[in-house]
Amino acid sequence: MASGNCEPQFPPESQPTQPAKEYLMQPLPLPLSPKPYKPSDKLLGKVALVTGGDSGIGRSVCLHFAMEGATVGFTYVKGMEDVDKDETIRLIKQIKRPSSSRDPIAIAADLGNESECQRVVDEFIKEYGTIDILVNNAAIQYYTDSIDDITESRLENIFRTNIFAYFLMARFSLNHMKRGSCIINTTSVAAYRGNSELLEYSATKGAIVSFTRSFSARLVEQGIRVNAVAPGPVWTPIQVAKMPPERSTTLGCEVPMKRAAETYEIAPSYVFLASDDCSSYFTGQVLHPNGNVINVLLN
Ligand code: NAD
């Protein structure tokens with residue numbers, strides 16, 4: 001998406017690693033609303049597995065799920081995200097949770113391969129015994145000047161992380177899901193508008209939309225719902241991971257609201273889709289918290 005004009009919201013920022021680290025970001029992303037969120041037991045007794053829950057949108061989803069009464073476990077990348085992982089665990093433990101909510105666990109994994117996805121599900125089941133909600137959320141993105149930058153190995157790496165993992169996590173989790181369980185996939189506004197700077201990332205996000213629709217149709221008779229969330233620009237580590245530093249200053253300028261979202265503005269969409277009270281008639285759908293990007297075919 002091309003940048004529009006607006007006041008810079010963020011300083012120039014770029015981190016050399018992929019994934020990047022939330023604790024090094026300036027300003028820090030906001031996983032919780034400054035106006036306190038009012039939970040209402042929407043996920044009481046549920047058990048949720050969130051991939052990439054150490055930081056960004058995933059962290060905020062973990063916190064909102066825990067506030068709604070769920071037990072939450074999440075994945076992170078060992079050696080890169082240990083500090084962020086510890087912070088998410090600390091924040092979840094600070095929440096006043098019902099007695100049915102177990103302590104969180106963090107599972108280190110590179111989800112780009114099948115055996116790691118299987119191991120994550122096995123470890124999760126060993127700890128909690130079931131999966132009611134799977135949130136496929138982990139992803140990477142690379143800035144692209146030219147299609148010549150996109151080597152076969154880079155293409156394979158991004159497709160493995162962003163879409164293979166979503167299939168595989170869904171496949172292995174499904175063995176432990178029952179009627180009433182659900183899967184929520186994180187896609188992006190880039191799937192709908194395209195993004196010339198994030199060429200292969202956009203393609204993976206388009207694949208997630210199609211996967212969501214197709215898998216929802218397959219599971220509809222089993223009573224398992226499959227939906228997705230397609231955020232617009234959000235201030236998170238992925239936006240500064242190996243990005244040109246000047247890009248962060250204009251993040252959000254391209255959308256009509258002329259600003260990026262904070263993660264606490266995105267996580268409630270996941271609560272809505274995870275809660276049977278709110279979304280029992282939703283499957284195969286995508287929610288679009290995107291600052292009014294409506295001039296494209298969204299659904
Ligand atoms: P983030 O960097 O905080 O989260 C990405 C997560 O992916 C990390 O927590 C990391 O643990 C995980 N990850 C990366 N490589 C991995 C690997 N090989 N194996 C396992 N996990 C790996 O950034 P975020 O913005 O919160 O991203 C979360 C989701 O939101 C992603 O799917 C992203 O595409 C999507 N999204 C983000 C934005 C945005 O503007 N931030 C917009 C639309 C969609």
Side-chain angles (χ1 to χ4, degrees), residues 1 10 15 17-25 28-31 50-62 74-85 87-88 106-114 116-117 119-120 135-142 156-166 168-169 184-193 195 197-198 200-209 228-243 247-248 251-252 254-255 259-267 269-270 286-291 293:
M1 226 187 302
F10 305 106
Q15 292 184 27
T17 58
Q18 175 83 270
K21 300 168 172 63
E22 179 151 332
Y23 78 97
L24 294 180
M25 290 178 74
L28 285 171
L30 300 177
V50 179
T51 68
D54 57 284
S55 62
I57 293 167
R59 171 185 285 177
S60 186
V61 168
C62 288
F74 64 89
T75 69
Y76 71 103
V77 178
K78 197 176 175 62
M80 315 275 290
E81 302 182 307
D82 302 70
V83 176
D84 285 340
K85 171 263 291 181
E87 178 62 1
T88 301
I107 304 174
D110 175 350
L111 296 172
N113 65 74
E114 185 169 6
E116 286 279 271
C117 294
R119 181 181 57 77
V120 166
V135 178
N136 276 319
N137 171 72
I140 50 174
Q141 66 181 18
Y142 294 104
E156 179 162 355
N157 183 31
I158 194 166
F159 270 80
R160 280 194 168 280
T161 309
N162 292 16
I163 177 71
F164 282 31
Y166 284 36
L168 294 166
M169 287 300 296
I184 306 170
N185 297 319
T186 305
T187 175
S188 167
V189 69
Y192 295 87
R193 286 200 65 164
N195 188 321
E197 295 173 339
L198 302 173
E200 75 277 37
Y201 170 85
S202 307
T204 65
K205 292 298 173 180
I208 291 167
V209 174
V229 180
V234 192
W235 183 238
T236 69
I238 207 172
Q239 293 293 3
V240 299
K242 294 188 166 180
M243 289 288 150
R247 205 174 165 276
S248 64
L251 185 71
E254 70 278 21
V255 306
R259 67 175 182 87
E262 290 290 351
T263 55
Y264 72 78
E265 297 178 281
I266 308 299
S269 293
Y270 292 78
V286 184
L287 294 187
H288 297 271
N290 67 19
V293 181

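Computed from a predicted model, the values in this text were never measured in an experiment. Keep in mind that the numbers below use all heavy atoms, side chains included, and drop hydrogens, waters and symmetry copies. Just follow the structure's listing: the first ligand is 1, and inside any ligand the first atom is 1.
- For ligand 1 and Pro233, the ligand atoms under 4.0 Å from any heavy atom of the residue are 40 (O).
- A donor-acceptor pair shorter than 3.5 Å can be found between the side chains of Thr186 and Tyr270.
- The shortest N/O to N/O separation between Thr75 and ligand 1 does not fall below 3.5 Å.
- The shell of residues lying under 4.0 angstrom from ligand 1, judged by heavy atoms, includes Tyr201.
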Pair Leu111-Tyr166, side chain to side chain contact (heavy atoms under 4.5 Å, CB included): steps then yes or no: CA-CA 9 Å; Leu111 296 172; Tyr166 284 36; over 6 Å; no
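- Nearest residue to atom 28 (C) of ligand 1 from Asn137, Thr51, Thr88 is Asn137 (criterion: closest heavy atom).
- Those atoms of ligand 1 that come under 4.0 Å of a heavy atom in Thr161, given as number and element, are 15 (N), 16 (C), 17 (C), 18 (N).
- Residue Ile140 touches ligand 1 through its side chain alone, judged by heavy-atom distances below 4.0 Å.
- Residue Val234 places at least one N or O, backbone or side chain, under 3.5 Å from an N or O of ligand 1.
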All N/O donor-acceptor pairs, side-chain side in residues 232-241, below 3.5 Å, sequence neighbours left out:
from: Trp235; atom 1: NE1; to: Pro27; atom 2: O; distance (Å): 2.7
from: Gln239; atom 1: OE1; to: Arg247; atom 2: NH1; distance (Å): 3.2

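- In this structure, Tyr166 counts as a contact residue of ligand 1, since one of its heavy atoms falls inside 4.0 Å of the ligand.
- Within ligand 1, the atoms closer than 4.0 Å to a non-hydrogen atom of Asp110 are 17 (C), 18 (N), 19 (N), numbered from 1 in the order shown.
- With a heavy-atom cut-off of 4.0 Å, Ala109 touches ligand 1 through its backbone alone.
- The single protein non-hydrogen atom nearest to atom 14 (C) of ligand 1 is Ala139 O, 3.5 Å, given as residue, atom name and distance.
- With hydrogens and angles ignored, the 3.5 Å screen pairs no side-chain donor or acceptor of Thr75 with any backbone N or O of Ile107.
- Atom 9 (O) of ligand 1 has as its closest protein heavy atom Asp54 OD1, 2.7 Å.
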Derivation and outcome, side chain to side chain contact (heavy atoms under 4.5 Å, CB included), residues Val255 and Arg193: CA-CA 11 Å; Val255 306; Arg193 286 200 65 164; 5.8 Å; no
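- The nearest heavy-atom contact from the protein to atom 2 (O) of ligand 1 is Ile238 N, 3.3 Å.
- In this structure, atom 42 (C) of ligand 1 lies nearest to the protein heavy atom Gly232 O, 3.1 Å.
- Residues forming a salt bridge (charged side-chain N to carboxylate O under 4.0 Å, His left out) with Glu81 (at least two apart in sequence, or on another chain): none.
- The pair Glu265-Arg259 meets the salt-bridge criterion, with a side-chain N (NZ, NE, NH1 or NH2) lying under 4.0 Å from an Asp/Glu carboxylate O.
- The backbone N or O of Gly53 sits nowhere less than 3.5 Å from a side-chain atom of Arg59 that would complete a donor-acceptor pair.
- Atoms of ligand 1 lying under 4.0 Å from at least one heavy atom of Gly56, given by number and element, are 3 (O), 26 (O).
- Closest protein heavy atom to atom 19 (N) of ligand 1: Leu111 N, 2.9 Å.
- Within the 3.5 Å criterion, the main-chain N or O of Lys85 finds no donor-acceptor partner in the side chain of Glu87.
- Between the side chain of Asp110 and the backbone N or O of Val77 there is no donor-acceptor pair closer than 3.5 Å.
- Between Tyr76 and ligand 1, a contact under 3.5 Å exists for no N or O pair.
- Under a 4.0 Å criterion applied to the non-hydrogen atoms of Thr186, ligand 1 contributes the atoms 29 (C), 30 (O), 32 (O), 35 (C).
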Derivation and outcome, side chain to side chain contact (heavy atoms under 4.5 Å, CB included), residues Val120 and Met169: CA-CA 8 Å; Val120 166; Met169 287 300 296; 3.9 Å; yes
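- Using a 4.0 Å heavy-atom cutoff, Lys205 is listed among the residues neighbouring ligand 1.
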Verdict with supporting geometry, Met25 and Gln15, side chain to side chain contact (heavy atoms under 4.5 Å, CB included): CA-CA 9 Å; Met25 290 178 74; Gln15 292 184 27; 3.7 Å; yes
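- Within the model, atoms CG of Asp84 and CG of Leu24 stand 8.0 Å from one another, a figure rounded to the nearest 0.5 Å.
- Below 4.0 Å from some heavy atom of Gln239 lie the following atoms of ligand 1, by number and element: 39 (C), 40 (O), 41 (N).
- Ranking the protein heavy atoms by distance from atom 37 (C) of ligand 1 puts Ile57 CD1, 3.8 Å first.
- With hydrogens and angles ignored, the 3.5 Å screen pairs no side-chain donor or acceptor of Ser188 with any backbone N or O of Ala230.
- With a 4.0 Å cut-off on non-hydrogen atoms, Glu22 does not touch ligand 1 at all.
- For Asn157 and Tyr142, the side-chain atoms include at least one donor-acceptor pair closer than 3.5 Å.
- Atom 1 (P) of ligand 1 has its closest protein heavy atom at Ser55 OG, 3.7 Å.
- Closest to atom 22 (C) of ligand 1, if we only count protein heavy atoms, is Val77 CG2, 3.5 Å.
- Counting only N and O atoms by type, the side chains of Asn162 and Thr204 include a donor and acceptor under 3.5 Å apart.
- Residue contacts with ligand 1 include Thr187, since one or more of its heavy atoms lies under 4.0 Å from the ligand.
- Note: no N/O pair closer than 3.5 Å links Pro19 and ligand 1 by distance alone.
- At least one N or O atom of Thr236 sits closer than 3.5 Å to an N or O atom of ligand 1.
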